[in-house]
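Read the structure below first, then the notes.
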Amino acid sequence: VDYENRCRVLEQKGLVVWFTGLSGSGKSTIAVEVEKMLNEAGMATYLLDGDNIRHGINQDLGFTKEDRDENIRRISEIAALFQDAGMITLVSFISPFKEMREFARSKVRDNAFIEVYVSTDLKTCMERDVKGLYHKNIKNFTGIDSSYEVPEHPEIILDTKNTTPQECAKVVLKAILDRIRG
Ligand code: ADP
């Protein structure tokens with residue numbers, strides 16, 4: 001059974017929607033919202049995030065440059081498999097390095113990849129400090145003592161400062177529907 005046959009049964013195409021941004025920028029909040037909207041619209045989805053990846057297949061990895069790259073390499077391979085299975089695959093990781101985001105894109109067939117840059121600035125993320133991580137002095141923390149390479153040509157840039165998660169999710173939903181129907 002090939003990709004086209006899988007898509008025929010699911011009545012959709014596979015897609016990877018890759019959220020990148022600082023910790024606390026809003027990636028997971030928006031991805032969860034988008035997934036709910038897609039589910040309500042009858043689409044088959046899967047969300048890859050820290051909970052199911054960092055605590056599972058990647059629990060052996062830390063946050064050195066080498067481990068971060070390996071983290072994203074494995075996630076890229078997994079996302080490409082889910083896409084090949086016909087899923088709308090949402091991926092929510094800081095993914096700070098351009099080279100690895102490009103790797104993720106290169107793994108997916110038919111350029112079925114939407115990069116979403118959640119562009120919330122560091123000050124706002126630190127004020128939110130959703131998970132209390134910015135105040136823990138964690139080594140190799142993105143934005144503090146590990147760099148974040150801003151995406152150069154993302155398909156979508158989201159401003160979360162003056163918008164709600166629902167408004168941001170709607171922008172992503174529209175791009176997804178345009179892509180898989182187009
Ligand atoms: P990340 O997954 O990037 O680490 P989270 O989604 O866990 O970030 O946290 C983002 C926080 O910012 C949440 O507390 C969320 O309620 C808040 N927030 C405020 N406005 C927005 C918005 N427009 N989009 C997403 N999150 C927002």
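Atoms within a ligand are numbered from 1 in the order they appear, just like the ligands themselves. Numbers here simply count residues along the sequence, with the first being 1.
What sits closest to atom 9 (O) of ligand 1 on the protein, heavy atoms only, is Val130 CG2, 3.4 Å. Nearest protein heavy-atom contact of atom 3 (O) of ligand 1 is Lys27 NZ, 2.8 Å.
Residue contacts with ligand 1, taken as heavy atom pairs separated by less than 4.0 Å, involve Arg128 solely via side-chain atoms from C-beta onward. Contacts between Glu167 and ligand 1 below 4.0 angstrom, taking non-hydrogen atoms only, are absent altogether. In Ile94, neither the side chain nor the backbone holds a heavy atom less than 4.0 Å from any atom of ligand 1. Both the backbone and the side chain of Thr29 come within 4.0 Å of ligand 1, counting heavy atoms alone. Using a 4.0 Å cut-off between heavy atoms, Pro165 contacts ligand 1 through both its backbone and its side chain. With a 4.0 Å cut-off on non-hydrogen atoms, Thr163 touches ligand 1 through its backbone as well as its side chain.
The shortest heavy-atom contact between Leu10 and Met87 is CD1-CE, 4.2 Å. Contact between Phe113 and Val108 at its shortest, heavy atoms only, is CD1-CG2, 3.9 Å.
Residues passing the ring-ring contact (aromatic ring centres under 6.0 Å, His included) test with Phe103, sequence neighbours excluded: none.
Near Cys168, meaning under 4.0 Å from one of its heavy atoms, ligand 1 places the atoms 23 (N). Ligand 1 places these atoms under 4.0 Å from at least one heavy atom of Thr164: 22 (C), 23 (N). Atoms of ligand 1 found under 4.0 Å from any heavy atom of Leu22, numbered from 1 in the order shown, are 3 (O). Atom numbering of ligand 1 starts at 1 in the shown order; those under 4.0 Å from a heavy atom of Ile30 are 24 (N), 25 (C). For ligand 1, the atoms lying closer than 4.0 Å to a non-hydrogen atom of Ser23 are 4 (O).
Using a 4.5 Å heavy-atom cutoff, the side chains of Ile176 and Ile88 are in contact. Contact check for Arg101 versus Thr20: side-chain heavy atoms found under the 4.5 Å cut-off. No side-chain heavy atom of Gln59 sits under 4.5 Å from any side-chain heavy atom of Arg54.
Checking only distances, Ser28 does come within under 3.5 Å of ligand 1, N or O to N or O. In terms of polar-atom proximity, Gly26 is counted as a contact of ligand 1, with an N or O under 3.5 Å from an N or O of the ligand.
Heavy-atom separations between Asp159 and ligand 1 are all 4.0 Å or longer.
A salt bridge does not link Asp84 with Lys107: every distance from a Lys NZ or Arg NE/NH1/NH2 to an Asp or Glu carboxylate oxygen is 4.0 Å or more. Using a 4.0 Å cut-off between charged side-chain N and carboxylate O, Asp69 and Lys65 make a salt bridge.
Within the structure, the ring-ring contact (aromatic ring centres under 6.0 Å, His included) test picks out no pair touching residues 51-81 (sequence neighbours left out).
Here the side chain of Asp129 pairs a donor or acceptor atom with the backbone of Tyr134 at under 3.5 angstrom.
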